Structures are given as C-alpha cells and as structure tokens.
Amino acid sequence: MLDPSFQPISFEPGIYERWEENGDFKAKSEANKKSFLITMPPPNVTGALHMGHALFVSIQDTYARWKRMLGYNTLWLPGTDHAGIATQVMVERQVESEGSSRVKLGREAFLKRVWDWKKEYGGTITEQIRALGSSCDWSRELFTLDTKSSLAVRESFTRLYHDGLIYRGERIVNWSSGLQTAISDLEVELKPVQGALYYLKYKLADNSGDQILVATTRPETIFADVAVAVNPEDPRFKGFHGKEVIVPLSGQRVPIILDSYVDREFGTGALKITPGHDANDWQIGQRHKLKTISCIGKDGKLNELAGEFAGLFASKARKTVAEKLVALELMDREEKHNHEVGFCQRTGVVVEPLVSMQWFMRMEKLAAPALQAAQGDDPALRFYPDYWKKTYFEWLNNIQDWCISRQLWWGHQIPAWHCKACSKITVPKSSQDADPKSCVHCASSKIEQDSDVLDTWYSSALWPISTLGWPNKTSDLEIFYPQMKANMVRGGQEAKALMETGSDILFFWVARMVMMCTYFMDGRLPFEDVFLHAMVRDDKGQKMSKTKGNVVDPLEITEKHGSDALRLTLLALSGQGRNVNLDLKRLEGYKSFLNKLWNASRFAMMQLDEAKIVTAADPREHLQDLDFVDRCLLDSLDDTVRKVNEHLTQYRPDAAFQEIYQFSWYEFCDWYLELVKLKNGKLHTLSHALETIMRLLHPMAPMVTEKISSELPWGKQGIIIHAQYPLPHDKKLASAADQKKLAAIIMAVDGIRNFRTENKIAPKQQIVAFLETKESALWQEIKPLVMALAKISDVQLNAALPAGLSGKVSNELFTFTFPLEGLVDKEGERTRLRNELKKAKADLDFSQKRLHNPAFLERAKPDLVAMEKRNADLTQEKIKVLEEALLKLS
RNA sequence: GGGCAGUUAGCUCAGUUGGCAGAGCGCCACCCUUACAAGGUGGAUGUCGCAGGUUCGACCCCUGCACUGCCCACCA
C-alpha cells in the first residue's frame with residue numbers, strides 16, 4: 001500500500017538500485033529487433049552535476065524510456081570525458097599546493113597523478129547522473145581515454161594522416177600563454193575592450209622626409225613588422241607604391257605593399273603588416289611571400305628583437321613602447337578605440353596569435369558530406385528546433401582548418417614519430433600497427449613520439465563510433481549504428497539514433513561528429529535526429545554562476561522534492577526557445593501534480609480493492625460493462641495517448657507532458673474520480689486509466705510511476721520499465737449522445753456551483769431546485785450525479801415555479817430555479833444575474849457582428865457560420881431567461 | 001558588420017493547419033466534502049513589443065521598426 005504522504009526521498013534510491021541490479025537498462029545484443037541509440041554527451045570527469053546535466057538527463061532518459069517501452073532495443077550509452085585542459089589544470093593546482101609542479105614531476109609521474117585522481121573521484125558525476133533516474137546502460141560505459149577510445153583515435157588519426165587530411169605545419173594559431181598551449185578558434189572568446197589606436201610615423205627610406213601614418217592597436221608588435229600595406233586604389237598613396245619605409249624604433253626597412261584587404265576608410269588607410277602576431281597579417285604575408293618574424297614568445301613576453309623592451313609582457317610593453325614612441329616623436333597621436341579582443345575561454349587570459357608548429361585537420365573535404373546531409377527538402381539529418389540548421393550551415397560553409405594539437409600531457413598523445421636524423425615524420429599505417437621503432441624514411445632508430453596531445457574534442461568527435469567499438473567490427477556497431485547515409489533522403493524513416501545535447505556545442509561537437517563519423521563509416525551518419533536543448537538560466541534569465549550565487553544544485557532539489565519533480569520541471573520549461581529559466585515555483589507546482597497522482601492512485605487502489613479488481617486490461621474487451629462516463633473518459637484518454645506520442649515524435653516533450661498533466665488532473669481526478677464515487681459501475685475503466693497514466697508518464701517521471709505501479713494489484717517491481725507504451729486506438733467509444741450527457745452534467749454542475757458561490761450559499765447547504773427542460777429523459781439519467789455533485793436535495797421536474805424570491809441557472813439544456821426565500825437576500829442573486837447578463841450580451845454582440853457581416857457569411861467556413869447562428873439563438877434565449885428573472889427580483 | 005532566437009496575466013512559460021487568449025505560482029472569497037490543505041469550489045487579472053499590410057477574420061501569415069539575449073565575423 002502507498003504511504004499516505006508522498007515523500008520521494010523515501011523510495012527513490014531503492015528503486016534505482018533495483019533497476020540497475022536487474023539489468024533493466026541493458027541493451028540487447030540481438031540484431032533482429034528494431035533498435036534505438038542515444039549516445040550520452042560525456043560529462044567531464046572532473047565535473048559536478050549541474051542543471052545542464054539534469055536537463056539533458058531529463059530529455060534523454062525520457063526518449064530512452066519511451067523508445068524502450070515502444071519495443072525498441074534501446075541503448076543509451078553513457079561515458080565521461082577526460083577534458084584535457086580542465087583536468088590537467090586541476091591536478092596541476094593540486095600538485096602545486098604540495099610545493100611540487102607538473103614539470104618537476106615529469107610527464108609520466110604527473111600522468112599517474114591524474115589517473116589516480118580519476119580513479120578516486122571520476123565516479124562522482126556518474127553517481128549523480130544515476131540519482132536522476134537515468135536508464136543508461138552502465139555496462140557499456142566508456143571513458144574517452146579508455147583503450148576502446150584510444151584505439152578509435154589511433155585508427156582515425158593514422159587514416160586521416162595518410163589520406164592527407166591531417167597535416168603538420170607552421171601556422172599562426174591562438175596561443176594561450178596561461179595554458180601554454182595552442183587552442184582552436186572555437187576556444188577563443190571575443191570580448192569588447194576599450195583600447196587605444198596609436199598613429200605611428202613610418203618614415204620613407206628614401207630620405208625624402210615623407211612619412212606614412214599607420215594606425216595600430218598594438219605598437220608593441222612593431223618589432224615584427226615586415227611591411228606596410230595600402231589599398232592599391234587609394235589615391236593618397238599612389239606616390240608611395242614600390243617604396244620602402246623605416247619601422248619606428250626597430251629601424252627596419254620594410255616595403256610598402258598593395259593589398260585590397262586594406263580598408264581605406266579605417267585609420268589612416270595604411271596598415272602595418274605583422275604576420276607573426278596577427279592572423280590577417282599572416283594571410284597577407286602569405287599572399288605577398290613575406291617572411292614571418294616574432295617579437296613575442298610563447299611565454300607572452302617580448303624577445304630580443306624588442307631590444308630594450310625584451311622581457312616585458314606584451315600587455316605591459318604596449319604602454320612602455322608607446323611612451324618611447326612619443327618621446328622620440330614617432331607618434332602622431334593616440335585615440336580611444338573600442339575593439340574585440342580574443343580571450344582564452346578556459347583561463348580568461350588574452351589570446352596571443354603566434355606562429356608555431358602545430359597539427360591541423362583539413363576540414364573542407366570533411367564538411368561537404370556533413371552539409372549535404374542536412375540539405376534538401378527531405379534531408380537525412382534533421383535538427384530540432386529546425387532553426388539550428390541554418391547556424392550549422394553557416395559554420396560549415398566557412399569552416400577553417402582545425403588546430404588539433406595541444407601542448408598538454410593529459411590526453412591522447414599524437415601517434416606520430418619524429419626522426420632526429422632526417423626530421424621526417426613516421427605515422428603507423430593503422431591502429432593495428434605497433435609503435436614504430438624506426439623512421440620509415442631513413443630507417444634511423446632515433447625516433448621520438450610527438451609530445452603533443454590531441455584536442456579533447458578530437459576524441460569526442462569519434463564518440464558515437466568509439467563507444468560502439470569501432471574500428472573493430474562489433475555487434476554493437478552492427479546493431480545500433482544507423483544505415484542512413486549523408487547523401488540519402490530521409491523518406492519518412494524514423495531515427496535509429498538521436499543526438500541530444502546543448503546548443504552551445506553544435507560546432508564543438510555535433511558538427512565534428514557528423515564529419516568524422518560519416519567519413520569513417522562510408523558516409524553513414526552517426527545519428528539522423530539532432531535535438532538541441534536550451535541553456536538553463538535562473539528564474540530571471542541570468543546565467544547561473546558561482547560568483548552571482550544563483551546556482552541551483554540539482555541534487556539539493558532532488559533530495560528535497562524528488563528527481564521526478566525536477567525532471568518534469570525541466571521538461572516543461574524546455575520549449576522552443578534558447579533559454580530554460582528555472583523557476584522553483586514551477587517546480588513546486590509539478591511536485592504538487594505528483595502528489596495529486598499519488599493520492600488519486602491511493603484512492604483508486606482502495607476502490608479497486610473493494611471491487612476486487614486485479615487487472616488493468618483494456619475495457620474495450622468488455623464493452624457491456626461500460627457506461628457513458630467510462631466511454632467518454634476512455635476516448636479522452638485515447639486522445640491524450642495520441643497527442644503524447646505525437647509530441648514526443650516531434651521532440652516536444654514539454655507539450656507531451658502538458659497533455660498528461662491536463663488529462664490526469666482536470667479530467668481523471670476532477671471529474672472521473674468524483675463520478676466514480678457516485679456511480680455503481682464496474683471499475684475496469686478506472687484500473688485501465690490509472691495504469692495508462694502511469695505508463696504515459698513513466699519516461700518523464702520514472703521513479704514515482706514505478707513506485708505507484710508496483711503497488712497496484714496487478715503490478716510488481718520493475719515491470720513498468722518494460723511495459724508497452726500506450727498507443728492510440730482507431731475507434732472512438734462514446735456516441736454523440738454519450739458526449740452530450742457528460743457535457744450536460746458538467747454544464748449543470750458548474751452553473752450551480754457558481755450560483756452557490758455568488759449567493760454565498762455554504763457548500764454544505766443542501767438546496768432544492770425546480771427544473772424546466774425539454775430533455776427530461778436525459779435528465780433522468782444524469783439526475784443523481786448532478787444532484788450529488790451540486791448538493792441538491794430535491795428536484796421538481798417541470799413543475800409550477802415557487803412564489804417569492806428565487807434564483808435561476810440557465811444553460812442550453814436546463815433552466816434551474818432555486819427558491820431563495822429565507823436563504824439569502826436578493827441583492828446577491830441580482831448582482832450575479834447582472835454579471836451573467838452582461839457576459840451573455842457581450843457574447844450575443846460578438847455573434848451578431850459576425851452574422852451581420854455579409855463577407856463573413858459568404859467567405860467563412862459553413863460550419864463556423866452555422867455554429868455562430870446557433871450560438872446567437874442560444875444566447876438570445878438565455879438573455880430572455882435572465883432578464884425575466886431579474887425583473888422578478890426588482 | 002552579418003545571422004539566430006525571444007518579446008503573451010504581477011512572475012515563469014504554453015498557444016502546430018488563422019475562427020471570441022491558456023497553465024503553474026501569486027492574488028481574492030468560501031470550504032479540513034474520509035484520495036489529496038502539496039487539496040477542493042468559485043472568482044479577478046491581458047491595447048498578445050510597436051507600426052503597417054494580407055484576410056470575412058491575425059497572438060498566429062507578410063513587411064518595417066524597437067528592445068533583450070545568444071552566435072558568427074579579418075576593420076588594424
């Protein structure tokens with residue numbers, strides 16, 4: 001039996017343990033069944049559970065459980081990410097607090113420390129994910145540095161290298177001096193900064209005394225200047241073409257070059273070219289075959305080229321150099337200037353564009369199929385919400401080569417060996433090959449593995465295939481990996497694999513998975529549907545952050561209100577927008593909903609127990625036992641079932657839940673249960689409806705539905721998770737007459753309740769009624785129900801109306817008259833009637849406006865016109881009754 | 001500079017073939033009616049961001065604008 005009070009914390013933990021022990025989440029290794037795959041976005045091992053995780057769990061678990069209940073062999077595959085930078089930095093700090101350092105320890109010892117840390121604390125996040133009820137298959141859990149993942153990384157790298165899609169080269173990259181590593185474009189965050197624009201004098205080298213003014217925000221980089229560029233069309237500089245200038249301070253002679261990149265409107269129209277410290281300048285340098293020199297080192301300090309400024313941090317040097325330029329009268333002026341500066345997303349330190357030797361992935365060829373996959377009217381790859389497609393295209397169409405090397409230790413070390421003898425590179429042919437012992441070019445044995453590791457997102461990009469065992473030919477890959485190819489049309493096929501993740505990592509992760517996996521799987525996509533959820537904010541739409549102190553901890557919520565309430569809240573708020581503003585008031589509302597269901601279940605169980613009902617079989621098998629109330633309820637339930645499935649199919653879990661909420665509370669609890677108390681029928685509809693509600697809700701609120709259904713007479717532990725998900729029937733049960741009867745009850749009861757409240761007649765007070773109606777047969781059928789619900793002790797049908805003070809309730813079927821003599825004063829009833837009359841007149845006005853409009857009569861749908869006419873008639877009649885009643889009261 | 005999204009009740013949000021605007025919380029009144037006070041019954045509350053247009057009819061479709069948030073971008 002269910003406890004009288006709903007306390008989620010009392011039953012949640014036990015339920016999860018049982019499921020896991022029973023192996024209820026395990027996907028089967030059978031190929032003969034339709035399958036469904038969700039690959040979990042692996043959270044950082046170092047991470048602690050936050051609302052973003054809670055949101056993805058809520059959505060993904062809903063889909064995993066829904067599909068499982070629909071009979072799919074469902075695999076929700078969990079794992080964790082090694083998170084190169086985050087983890088290394090964290091352990092580094094730990095080591096430093098002990099007075100040691102990463103460098104002192106050395107690579108091997110340091111890595112051991114990280115692994116030790118991972119062994120000890122790496123399970124925290126997965127335990128927390130369990131606490132939310134996640135039905136993922138833990139037997140297949142993977143860590144991105146596990147051998148399975150490493151094998152995939154090695155196989156992909158060797159193949160891409162030999163296919164010419166991975167290369168090593170000296171390029172300008174984003175250098176994080178904080179982390180001492182290169183980072184990718186995506187890891188750079190641009191922020192507006194108030195800086196200055198310095199106008200420097202570059203004197204002509206021909207001693208003519210002429211000069212060119214050059215505007216720059218970074219005077220400290222002049223030591224690496226190799227040219228000054230002007231727009232070839234700019235008349236102001238026509239005379240300078242082909243000449244040379246002297247770089248201030250450094251004294252270097254550099255050429256004046258012509259490039260249309262230069263904006264004539266900006267600054268002075270002359271641009272200093274510093275290929276070593278600016279990405280655009282680097283490109284111009286490439287075009288003009290200029291050499292690249294650097295005056296800032298990897299430590300972020302100026303080097304010997306800067307002469308007296310050597311050793312200064314670049315940021316400091318700017319001011320010092322500027323002052324010197326002023327002193328030497330080489331600066332014309334300085335203006336305030338706001339511009340965008342790149343910051344390292346991780347450390348917040350300014351990113352320095354530097355030239356260094358790095359590994360890159362050539363993206364253009366890889367992007368083509370990824371683009372194709374989502375193009376066309378019926379693309380193989382679909383986005384939900386659809387508008388993300390545009391963003392995806394935008395990025396892929398302008399894709400740049402990806403800097404994949406990181407100067408870190410924690411990660412996948414690049415499987416490439418450098419030869420000390422011939423300095424060429426040896427990369428194994430495939431993952432099958434062992435580490436090379438000698439150079440393939442000169443056979444020297446003096447080879448050493450590249451010390452860099454790969455960007456964390458590299459292994460993430462392979463996640464959908466590495467988790468399934470690729471490059472080995474595994475049964476998981478066979479069973480779960482989609483067949484749909486990037487160049488196919490979808491043709492109405494449902495997705496075999498779903499990617500559900502945050503919209504913030506569309507480029508970082510989603511696009512790269514599509515490119516990489518498609519490449520290695522013969523054009524087959526890693527997933528056909530991409531569902532991108534919004535970002536969780538606080539109730540004011542602010543980003544949650546520790547410094548703001550507005551972080552809501554999911555585990556605290558779970559302990560207090562249960563994981564189900566949290567899940568339902570996140571689902572309900574995850575609409576189509578880009579934010580989920582977490583309002584804890586909503587959470588309490590949804591917890592109340594669960595409380596309501598809990599109590600409704602307790603009530604139903606008492607009734608069923610008394611009636612000795614032990615089955616939830618579909619009452620459609622026993623039509624003779626059903627009355628009109630049952631038939632209407634079953635139809636409405638069926639509508640709900642249909643809508644819930646539709647909404648889930650369209651990736652609108654919020655709407656799906658809303659349907660369940662509305663039906664359960666307003667139809668099942670408010671009306672059906674109240675009617676069940678009054679009617680003496682069989683209770684098969686009650687048992688079936690309750691079971692159906694539990695099943696419908698189970699994917700979204702697994703804990704409470706498991707608890708309740710395990711207590712039902714026909715239930716037991718752990719069966720709802722594998723129960724058939726409700727599907728709609730084709731046939732309706734209720735006739736028009738049935739519907740009319742139920743509507744009549746509701747109309748009469750609502751009207752009388754309103755009448756009672758407005759006249760301040762106590763809820764308990766029984767009253768008598770005189771009824772005028774043309775539907776006396778119908779009335780006889782519903783009489784006892786209306787009388788009980790509206791607390792009427794006696795009804796005189798079509799009898800002479802009483803003299804004296806009375807009240808009236810009128811609708812399209814019935815007109816009730818209630819003697820009020822001695823009960824109330826007439827003022828209350830008069831006010832009520834006036835309000836009703838006002839409403840009725842407004843309604844009539846609305847109808848007549850339409851009906852007097854010839855265009856409406858002519859152009860609107862005939863059904864609508866007919867309905868409007870009927871409405872007008874009924875309202876007119878009602879007005880007549882109300883006016884008469886009012887007259888009597890005056 | 002370009003793009004995307006949002007703007008609906010006091011607050012957080014729904015509103016999918018255009019047909020008299022909805023939920024939760026909050027608010028008011030009355031009820032502990034034995035499933036549920038985390039409840040019941042009834043009620044109040046909206047120039048649906050602004051301005052045009054299409055239409056018999058617009059929260060919904062079109063155009064322009066404003067504000068908010070996010071993403072992308074090579075103006076030094």
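This structure is a prediction, so every number in the text was calculated from the model and none was measured. Residue numbers begin at 1 in each chain, while the letters A, B, ... track the order of the sequences.
- The 5' end of RNA chain B is approached more closely, in terms of each residue's nearest nucleotide, by A:L864 than by the other of A:Q400 and A:L864.
- Among the atoms of the strands shown, none is found under 4.0 Å from any heavy atom of A:F593.
- Using a 4.0 Å heavy-atom criterion, one finds that A:A600 contacts the bases of the nucleic acid, with or without backbone contacts as well.
- Between A:H337 and B:A76 there is a side-chain polar atom (N or O) within less than 4.0 angstrom of OP1 or OP2.
- Ring stacking holds between A:F846 and B:C20, with the centres under 5.5 Å apart and the planes within 30 degrees of each other.
- Taking the six-membered ring for Trp and thresholds of 30 and 60 degrees, A:W395 and A:F507 have nearly parallel ring planes, at less than 30 degrees apart.
- Nearest nucleotide to the A:Y387 side chain, out of B:A35, B:U33, B:A5: B:A5.
- At a threshold of 4.0 angstrom between heavy atoms, the contacts of A:K389 with the nucleic acid are absent.
- Residue A:H647 is in base contact, counting any heavy-atom pair closer than 4.0 Å across all strands shown.
- A salt bridge is defined here as a Lys NZ or Arg NE, NH1 or NH2 lying under 4.0 Å from an Asp or Glu carboxylate O, and A:K677 with A:E674 meets this definition.
- A:L673 comes within 4.0 angstrom of a nucleotide base, judged by non-hydrogen atoms across all strands.
- Counting any heavy atom pair closer than 4.0 Å across all strands shown, A:Y590 reaches no nucleic acid atom.
- Look at the C1' atom in both B:G10 and B:G19: the space between them is 30 Å, to the nearest Å.
- The side chain of A:N754 places no N or O atom within less than 4.0 Å of a non-bridging phosphate oxygen (OP1 or OP2) of B:U41.
- Here A:K861 does not reach the OP1 or OP2 of B:C56: none of its side-chain N or O atoms lies under 4.0 Å away.
- Among the atoms of the strands shown, none is found under 4.0 Å from any heavy atom of A:W282.
- Nucleotide B:C65 is matched to B:G49 when pairs are restricted to Watson-Crick or G-U wobble geometry with both distances under 3.5 angstrom.
- The partner of B:C30 is B:G40, by the rule that a Watson-Crick or G-U pair needs both atom distances under 3.5 Å.
- For the OP1/OP2 pair of B:G15 and a distance below 4.0 Å, the side-chain nitrogens and oxygens of A:R652 include at least one atom meeting the criterion.
- Here, B:C13 and B:C70 have their P atoms 15 Å apart, quoted to the whole Å.
- Ion pairing between A:R870 and A:D873 fails under the 4.0 Å rule for side-chain N and carboxylate O.
- Note on A:E674: a base of the nucleic acid sits closer than 4.0 angstrom, heavy atoms only.
- Among the heavy atoms of the strands lying under 4.0 Å from A:L573 are primed sugar atoms or P, OP1, OP2 only; no base atom is included.
- Using a 4.0 Å heavy-atom distance criterion, A:V214 is classed as making no nucleic acid contact.
- No donor-acceptor distance shorter than 3.5 angstrom exists from the side chain of A:D654 to the backbone of A:L573, with no hydrogens or angles considered.
- Of the candidate nucleotides B:G19, B:A35, B:U41, B:G19 has the atom lying nearest to any side-chain atom of A:A860.
- Within the 4.0 Å cut-off from OP1 or OP2 of B:G39, not a single side-chain nitrogen or oxygen of A:W598 is found.
- Two residues, A:N398 and A:G589, neighbour RNA chain B, and the one matched to the more 5' nucleotide by heavy-atom proximity is A:G589.
- When both pairing distances are held under 3.5 Å, B:C74 makes no Watson-Crick or G-U pair with any nucleotide shown.
- As rounded to the nearest Å, B:G18 and B:A35 have P atoms that lie 46 Å from one another.
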Listing, residues 664-671 of chain A side-chain donor-acceptor contacts under 3.5 Å, not counting sequence neighbours, or none:
residue : atom : partner : partner atom : Å
A:S664  : OG   : A:I660  : O            : 2.5
A:E667  : OE1  : A:S636  : OG           : 2.4
A:E667  : OE2  : A:S636  : OG           : 3.2

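- If you check every strand for non-hydrogen atoms under 4.0 Å, A:E340 touches a base.
- In this structure B:C59 sits in no base pair that meets the Watson-Crick or G-U test at under 3.5 Å.
- The shortest distance between the side-chain N/O atoms of A:R602 and the OP1/OP2 oxygens of B:A35 is not below 4.0 Å.
- Using a 4.0 Å heavy-atom criterion, one finds that A:Y666 contacts the sugar-phosphate atoms exclusively.
- The aromatic rings of A:Y384 and A:Y651 sit tilted, their planes meeting at an angle between 30° and 60°.
- The base-pairing partner of B:C13, taking Watson-Crick or G-U wobble contacts with both distances under 3.5 Å, is B:G22.
- Close to B:G40, at under 4.0 Å from its OP1 or OP2, lies a side-chain N or O of A:K596.
- Listed nucleotides B:C72, B:G40, B:G39 differ in distance to A:S592; the shortest reach to its side chain belongs to B:G39.
- Ring orientation note: the planes of A:F383 and A:Y392 are tilted relative to one another, at an angle of 30° to 60°.
- Checking A:N835 against A:R832 by side-chain atom types alone, no donor-acceptor pair falls below 3.5 Å.
- Counting non-hydrogen atoms under 4.0 angstrom, A:D654 reaches nothing in the nucleic acid.
- B:G1 and B:U47 have their P atoms separated by 34 Å, with the value rounded to a whole Å.
- Evaluation of atom-type donor-acceptor distances gives no pair under 3.5 Å for the side chain of A:K390 against the base of B:A5.
- For A:T757, counting side-chain heavy atoms from C-beta on, the closest listed nucleotide (B:C72, B:U41, B:C31) is B:U41.
- Base engagement by A:R586 is indicated by at least one non-hydrogen atom pair under 4.0 Å involving a base atom.
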